[in-house]
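Everything on this sheet refers to the single structure shown next.
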Number of protein chains: 2
Amino acid sequence: MTDNKASILVVDDDAAIRELLEEHLSRVGYDIRTAEDGDRMRALLNERPADLIVLDVMLPGDDGFTLCRQIREHSQVPIIMLTASSDETDRVVGLEIGADDYLAKPFSARELQARVKALLRRARFARAENPRFILFDRWRLDTLAHELIDEHGHSTALSGADFALLQLFLSHPNQVLDRDTISDVTRGRESMPLDRVVDVAVSRLRQRLGDQGRNPRLIKTVRGAGYLLAATVSHGPE
Amino acid sequence: MTDNKASILVVDDDAAIRELLEEHLSRVGYDIRTAEDGDRMRALLNERPADLIVLDVMLPGDDGFTLCRQIREHSQVPIIMLTASSDETDRVVGLEIGADDYLAKPFSARELQARVKALLRRARFARAENPRFILFDRWRLDTLAHELIDEHGHSTALSGADFALLQLFLSHPNQVLDRDTISDVTRGRESMPLDRVVDVAVSRLRQRLGDQGRNPRLIKTVRGAGYLLAATVSHGPE
DNA sequence: TCTTGTTGTTATTCATCGTTACAAGGATAT
DNA sequence: ATATCCTTGTAACGATGAATAACAACAAGA
């Protein structure tokens with residue numbers, strides 16, 4: 001992540017929506033460009049890539065699904081699809097094609113803003129490199145087999161949630177991760193207030209790491225903020 | 001920071017506000033410069049850096065968010081953002097972008113003055129370097145794990161408040177720290193008069209250090225002024 | 001279907017930290 | 001010295017946040 005504005009490209013044939021989003025999203029600090037159809041979108045992306053694309057399904061010329069597929073052929077940029085109907089099929093098709101999120105019209109700009117924020121966060125914290133083994137504390141994580149190996153070479157399998165959470169911590173060690181970020185990255189959605197899923201997930205991971213009780217050594221709680229992994233992390237031998 | 005006046009740069013397109021702040025802040029001893037837009041701000045910063053920047057959000061040309069981001073690319077100078085609306089989003093965005101504090105218009109000059117004072121103090125006392133282990137008295141502090149280790153190698157976890165306070169003392173040993181400074185640095189806000197939080201926090205930390213009773217050896221009370229840590233502090237082995 | 005493991009939810013318990021109250025220790029005036 | 005005032009130490013309380021056990025919902029496999 002840089003300090004620059006995240007660049008967002010909005011593709012919609014309705015000028016009113018384009019203006020609304022341009023206004024709202026640039027106000028909250030994003031760099032917005034808009035396109036009214038697929039041709040214009042391609043032209044803008046050619047100029048400069050975007051960090052996130054908001055894509056209407058109903059478009060003159062190529063529709064949103066088609067464009068989404070085209071983009072996916074060469075890019076992993078996060079995509080949010082907009083659809084007029086709240087029809088479930090559209091949603092399913094969209095996500096199958098490779099969209100990352102989906103929003104039914106009409107929607108509030110605030111709602112979209114929340115999704116955008118969550119998706120950018122996911123993209124930012126998602127692991128880039130992926131070495132087979134990661135060493136930390138007295139553990140070794142096998143990222144391929146999803147196994148945790150102790151100092152004696154004894155390994156145990158991790159559940160999906162445990163693994164995702166641990167991988168997130170390992171890719172951002174000694175850094176406080178707030179609950180929303182953790183929830184976004186490991187489960188793909190924002191946590192509601194009064195939601196204790198993340199706490200429970202951390203508690204379960206701590207048990208796996210033998211790190212529970214009064215004094216967790218590895219995963220520290222930062223009151224009012226989130227959690228952090230207190231450990232030096234290195235890549236292990238193949 | 002030197003004994004000279006702290007230098008503050010106010011960026012606002014409203015001449016009335018510029019004059020008000022220039023008048024008020026220079027009266028209480030700051031060195032003030034003002035700019036009406038981003039270009040002028042950059043010009044002034046080029047001449048001479050500032051110790052703190054007050055930045056309006058709504059500006060002709062680049063807005064406050066953009067300028068804040070630009071400044072953050074190469075500087076950690078404290079920034080206070082001013083916004084016309086009391087809209088929560090502005091505040092969140094501002095702080096995410098890297099502003100240190102935020103003030104909704106209309107505000108009193110006195111209110112701003114308090115924030116300025118607190119932020120400058122925080123900047124002055126904030127820890128720069130961060131060695132893993134700090135040795136003092138017969139203790140060792142593990143700054144990564146937030147654990148206090150005694151002479152026998154037995155370690156106990158510190159709470160957030162205990163750790164922050166101890167770290168502040170350790171980075172300014174044998175130096176009186178007044179209550180407002182302690183409150184600013186460890187909790188990010190000024191203490192109110194008749195507020196005993198700092199006293200209680202010190203009392204709790206003393207208990208952790210086995211330093212209570214009539215004659216504390218480590219954390220001395222300086223009547224009418226504050227507290228000081230009486231110990232020689234050194235960096236420990238990795 | 002039954003079993004097993006995983007994950008979300010809720011409720012209870014515990015920890016942390018701000019506040020208040022009161023006691024004890026200076027300081028100052030007389 | 002005594003009285004009075006001010007400052008500080010700390011116990012006790014309460015509000016809030018966090019840990020986790022227990023339960024429920026669900027999915028995958030036998």
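Sequence lines set the chain letters: A, B, ... in the order given, protein chains first and strands last, and positions in each chain run from 1.
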Checking contacts here: which listed nucleotide ([options]) is nearest the side-chain heavy atoms of [X]?
{"X": "B:Thr221", "options": "D:dA19, C:dT19, D:dT8", "value": "D:dT8"}
{"X": "B:Ser203", "options": "C:dT7, D:dT10, C:dT10", "value": "D:dT10"}
{"X": "B:Arg204", "options": "D:dA22, D:dA18, D:dA12", "value": "D:dA12"}
{"X": "A:Val197", "options": "D:dA19, C:dC17, C:dG8", "value": "C:dG8"}
{"X": "B:Arg223", "options": "D:dG9, D:dA18, D:dT7", "value": "D:dT7"}

Whole-Å distance separating the [atom1] atom of [X] from the [atom2] atom of [N]:
{"X": "B:Arg208", "N": "C:dC17", "atom1": "CZ", "atom2": "P", "result": "9 Å"}
{"X": "A:Asp199", "N": "C:dA15", "atom1": "CG", "atom2": "P", "result": "16 Å"}
{"X": "B:Phe163", "N": "C:dT16", "atom1": "CZ", "atom2": "C1'", "result": "16 Å"}
{"X": "A:Lys220", "N": "D:dA19", "atom1": "NZ", "atom2": "C1'", "result": "15 Å"}
{"X": "A:Asp195", "N": "C:dT9", "atom1": "CG", "atom2": "P", "result": "5 Å"}

Indicate, with a heavy-atom threshold strictly under 4.0 Å, whether [X] touches base, sugar-phosphate, or nothing.
{"X": "B:Arg206", "value": "sugar-phosphate"}
{"X": "B:Tyr227", "value": "sugar-phosphate"}
{"X": "B:Val202", "value": "nothing"}

Ignoring backbone atoms, test whether [X] places a side-chain nitrogen or oxygen under 4.0 Å from the OP1 or OP2 oxygen of [N].
{"X": "B:Arg187", "N": "C:dC17", "result": "no"}
{"X": "B:Ser159", "N": "C:dC17", "result": "yes"}
{"X": "A:Gln207", "N": "D:dA21", "result": "yes"}
{"X": "A:Arg196", "N": "D:dT20", "result": "no"}
{"X": "B:Arg179", "N": "D:dT8", "result": "yes"}

*Tell me, yes or no, whether the heavy-atom count around A:His74 atom NE2, taken from other residues, nucleotides or ligands under 6.0 Å, exceeds 12.*
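Yes, because the 6.0 Å sphere around NE2 of A:His74 holds more than 12 heavy atoms from other groups.
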